[in-house]
Amino acid sequence: MGQPLAHLLPAIRRNGLGGWLADLYRYLRFAALLIVAGLSPSVHDRATRRHTSRILCAAAWQPLPGYLLTSILISAVLTRIVTVTAAGYGLSHLALEAILRVFVVELLPLAATLAVAARALPMAMQQLSAEPGRPRASLRDALPFAVGNGIAVGVLAVIGGLLSLVVAYLVVHGFSPWALAGYARLIGQVFDPLLAVALAAKLALFGIAVGIAPTTVILDPRKGDAGLREMRVMVRLLLILVLIEGSFLVLRGF
């Protein structure tokens, strides 16, 4: 009885933890190659730049009106709720700061990332997915998706953040210009150099995650349901985003 189990354990290790580690190595190596290729000017020829522009337009420009409208509505509603609640506790002076720290710094980057991911994943599945009878996509084929989707995250997050700053001011102070100086000082206090660097780093990591995760469909097996492959890619992306956001929350606590 013990001898068959002794022969079975190595097989379990190979197909379980060993297989998972091998897949993890493949994905990390693929991601590293994409990052290096994205930072290499010689790789971006005219065709690659043209394809990257199309991906950027599809991921950022096309969803921009809906994303901005949603950002305006959510920003206005949250600002109103926080302002009224803070006034009830005599903390009106902290309402705008809370909106900037919670909505602009934490929620908007994540919302921009998910908005880009919702468009990036179907495009990658359609053009990069390994299908029977179709040549396997190469690293050069995946590069425009990685760069275009990554830049789109930064574009949506920055535009949405600036617009939310304007909306928050209008909800609290209306069209009066007299509070602009104090609001500018508050923005400077919230977005100090440390937080500005941390926010830029988080946006860069979110962009890298959204840029690379959908292109990992190249590494998936050709056989299997397309919906299952899309779900695996989405799980990878969500796991990476949770790790990034959790890491930044932990670091901000120290």
Side-chain angles (χ1 to χ4, degrees), residues 24 27-32 34-36 38-39 56 59-60 63-64 67-68 70-72 74-75 77-79 81-82 86 91 94-121 145-168 183-216 232-254:
L24 180 62
Y27 291 129
L28 291 177
R29 181 176 179 272
F30 179 76
L34 265 181
I35 293 174
V36 172
L39 297 176
L56 177 59
L64 185 62
Y67 172 78
L68 292 183
T70 304
S71 299
I72 291 173
I74 296 177
S75 177
V77 171
L78 283 180
T79 303
I81 292 174
V82 172
L91 301 173
L94 299 178
L96 276 176
E97 182 177 352
I99 287 296
L100 298 184
R101 292 188 181 276
V102 175
F103 184 67
V104 178
V105 175
E106 300 296 343
L107 297 182
L108 264 183
L110 188 59
T113 302
L114 295 178
V116 174
R119 300 186 66 88
L121 187 54
F145 290 87
V147 176
N149 292 326
I151 296 176
V153 171
V155 171
L156 291 185
V158 170
I159 295 178
L162 293 176
L163 189 59
S164 296
L165 293 177
V166 176
V167 172
Y183 190 56
R185 284 195 301 270
L186 176 62
I187 294 176
Q189 292 171 359
V190 172
F191 293 94
D192 55 19
L194 183 59
L195 182 59
V197 171
L199 181 59
K202 183 166 71 171
L203 284 176
L205 291 177
F206 277 173
I208 292 173
V210 174
I212 293 178
T215 63
T216 57
R232 284 199 297 265
V233 174
M234 183 58 70
V235 169
R236 290 175 206 145
L237 176 58
L238 292 179
L239 179 60
I240 295 172
L241 295 180
V242 168
L243 290 176
I244 295 173
E245 184 66 29
S247 299
F248 275 89
L249 290 177
V250 171
L251 290 176
R252 286 185 62 186
F254 287 100

Any heavy-atom pair between the side chains of Leu238 and Leu114 that's under 4.5 Å? yes

Sequence neighbours left out, what passes side-chain contact (heavy atoms from CB on, under 4.5 Å) with Ile240? Give chain and number order. Ala209, Ile244

Residues Pro63 and Arg119: closest non-hydrogen pair is CG-CD, 3.5 Å

Can you pull out every salt bridge (Lys or Arg N to Asp or Glu O under 4.0 Å) where at least one residue sits in residues 188-204? Sequence neighbours excluded, please. Glu106-Lys202, Lys202-Glu245

Measure the spacing between CZ of Phe206 and CG of Leu203 and express it to the nearest 0.5 Å. 8.0 Å

Sequence neighbours excluded, which residues qualify as salt bridge (charged side-chain N to carboxylate O under 4.0 Å, His left out) partners of Arg236? Asp220

Can you see which heavy atom on Asn149 is nearest to which on Val116, and at what distance? O-CG1, 3.6 Å

Minimal heavy-atom distance between Val190 and Leu195, with the atoms involved, is O-CD2, 2.9 Å

Qualifying salt bridge (Lys or Arg N to Asp or Glu O under 4.0 Å) pairs, either residue in residues 145-158, two or more places apart: none

What is the distance from atom CG of Leu108 to atom CG of Leu163, rounded to the nearest 0.5 Å? 9.0 Å

Are Val82 and Phe103 packed together at the side-chain level, in the sense that at least one heavy-atom pair is separated by less than 4.5 angstrom? no

Tell me the closest heavy-atom pair linking Pro109 and Val104, and the distance in Å. CD-O, 3.3 Å

Any side-chain to backbone donor/acceptor pair from Tyr183 onto Leu96? Under 3.5 Å, distance only. no

Spatial distance of atom CG (Leu107) from atom OG (Ser71) [nearest 0.5 Å]: 10.5 Å

How many angstroms lie between CD1 in Ile74 and OG1 in Thr79, if you round to the nearest 0.5 Å? 11.0 Å

Interatomic distance, Ile208 atom CD1 to Ile35 atom CD1 [nearest 0.5 angstrom]: 5.0 Å

Test side chain to side chain contact (heavy atoms under 4.5 Å, CB included) applied to Ile72 and Val167, Val77, Val166, the passing residue: Val167

How would you list, by chain and number, every residue that makes a side-chain contact (heavy atoms from CB on, under 4.5 Å) with Leu34, sequence neighbours excluded? Phe30, Leu139, Ala142, Leu143, Ala146, Ile212, Thr215

Applied to residues 94-105, the side-chain hydrogen bond (donor to acceptor under 3.5 Å, both in side chains) test, sequence neighbours excluded, yields Glu97-Arg101

Mind listing the closest non-hydrogen atom pair of Leu156 and Ala112 along with its distance? CB-CB, 3.9 Å

Measure the OG-CG distance between Ser75 and Leu68 for me, rounded to the nearest 0.5 Å. 11.5 Å

Tell me, do Phe191 and Val105 make a side-chain contact under 4.5 Å, heavy atoms counted? yes

State, yes or no, whether a side-chain contact exists between Tyr67 and Ile159 at a heavy-atom distance under 4.5 Å. no

